[in-house]
Amino acid sequence: MIRHAAAAAALAITFAGAAGAGPVPLSMGEWAVDLSFEFLGDTEADAFTECLLEEESNMEVADLVIAMSGGEECTAQDVVHKDGAATLRISCAVQEGMSGGTFAVKHTPETLSITGKVDITSPEWDTTMPANMSIIGYRAGACPAE
């Protein structure tokens, strides 16, 4: 269920269209990211590194959460972002996958923490199912030379 590619894309693509409430200023360089996803009593975890470039280092908080959580066709509501912390709710127009959730974000230029309670939907289910998500990242150093 964890979408490594979607989380990595957040560090590589700025998604447009979500309500903002201010950028998350992250330092350029190589970032180490740990993902955890708990669903129906099972936990999946993943870790990766990604090079954050200048053009990706100031995403709007809502865009960052939507991208890092693997959201598709999502909009943000109730965004409150101040002094390195944010809370928001997202809704996604999908038939399968994450249909929405509430998130808390804490950040400095060198660290990022996103935790969320999300709803997962499937056309095979009568109702949405709850899940917990955690995304923790930190700047590990300079990007490796290519």
Side-chain angles (χ1 to χ4, degrees), residues 1-121 128-146:
M1 300 276 315
I2 294 177
R3 296 183 181 182
H4 171 100
L11 296 175
I13 300 171
T14 300
F15 287 81
V24 176
L26 301 174
S27 297
M28 295 179 295
E30 184 173 58
W31 280 70
V33 179
D34 293 314
L35 306 168
S36 175
F37 190 86
E38 181 185 349
F39 180 66
L40 298 175
D42 291 328
T43 300
E44 291 186 38
D46 194 14
F48 65 94
T49 59
E50 185 74 26
C51 188
L52 183 69
L53 303 175
E54 182 176 4
E55 58 270 16
E56 297 107 28
S57 64
N58 281 297
M59 292 178 73
E60 293 290 321
V61 67
D63 294 336
L64 181 66
V65 169
I66 290 168
M68 292 291 287
S69 65
E72 297 176 13
E73 299 181 42
C74 300
T75 58
Q77 301 86 33
D78 305 326
V79 181
V80 177
H81 184 203
K82 183 178 179 183
D83 299 330
T87 57
L88 65 149
R89 186 171 50 88
I90 64 172
S91 299
C92 307
V94 296
Q95 292 184 354
E96 187 167 27
M98 184 179 65
S99 61
T102 57
F103 293 86
V105 180
K106 293 182 181 179
H107 63 86
T108 70
E110 304 288 317
T111 63
L112 175 65
S113 169
I114 301 172
T115 56
K117 295 191 180 294
V118 299
D119 293 318
I120 307 298
T121 189
T128 61
M129 304 291 267
N132 294 308
M133 177 180 294
S134 172
I135 304 166
I136 308 296
Y138 65 92
R139 187 178 181 277
C143 292
E146 292 190 17

### Task
Please step through side chain to side chain contact (heavy atoms under 4.5 Å, CB included) for the pair His107 and Leu64, ending with a clear verdict.
CA-CA 12 Å; His107 63 86; Leu64 181 66; over 6 Å; no

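- Considering all non-hydrogen atoms of both residues, Thr49 and Ala32 come closest at CG2-CA, 4.1 Å.
- Contact check for Glu50 versus Val33: no side-chain heavy atoms found under the 4.5 Å cut-off.
- The residue from Leu112, Thr87, Ile135, Thr115 that alone fulfils the side chain to side chain contact (heavy atoms under 4.5 Å, CB included) condition with Val105 is Leu112.
- When every heavy atom of Cys74 is checked against every heavy atom of Ile90, the shortest pair comes out as SG-CD1, 4.5 Å.
- What you find for Leu88 and Ala76 is that their closest heavy atoms are CD1-CB, 4.2 Å.
- In terms of heavy-atom proximity, Thr111 sits nearest to Trp31 at N-CH2, 3.6 Å.
- Using a 4.5 Å heavy-atom threshold, the side chains of Phe39 and Val118 count as separate.
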### Task
Give the C-alpha distance, both sets of side-chain angles, the deciding distance and a yes or no for side chain to side chain contact (heavy atoms under 4.5 Å, CB included) between Val24 and Met59.
CA-CA 6 Å; Val24 176; Met59 292 178 73; 5.8 Å; no

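- One distance of note links CZ of Arg139 with CD of Glu110; it measures 5.5 Å at 0.5 Å rounding.
- Taking Ser134 as the reference, nothing meets the side chain to side chain donor-acceptor pair (under 3.5 Å) condition, with sequence neighbours excluded.
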### Residue pair Met133, Phe103: steps toward the side chain to side chain contact (heavy atoms under 4.5 Å, CB included) verdict
CA-CA 9 Å; Met133 177 180 294; Phe103 293 86; 4.2 Å; yes

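- In terms of heavy atoms, Gln77 sits closest to Ser91 at OE1-OG, 3.3 Å.
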### Task
Step by step, work out the side chain to side chain contact (heavy atoms under 4.5 Å, CB included) result for Leu35 and Phe48.
CA-CA 9 Å; Leu35 306 168; Phe48 65 94; 3.8 Å; yes

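- In this structure, NZ in Lys117 is found 4.5 Å from CG in Asn132, a value given to the nearest 0.5 Å.
- Considering every non-hydrogen atom in both Val94 and Glu72, the closest pair reads CG1-O, 3.4 Å.
- Between the NZ atom of Lys106 and the CD1 atom of Ile114 there is a distance of 13.0 Å, given to the nearest 0.5 Å.
- The CD1 atom of Ile66 sits 7.0 Å away from the OG1 atom of Thr75 when rounded to the nearest 0.5 Å.
- Note that CD of Glu73 is 11.5 Å distant from CE of Met98, once rounded to the nearest 0.5 Å.
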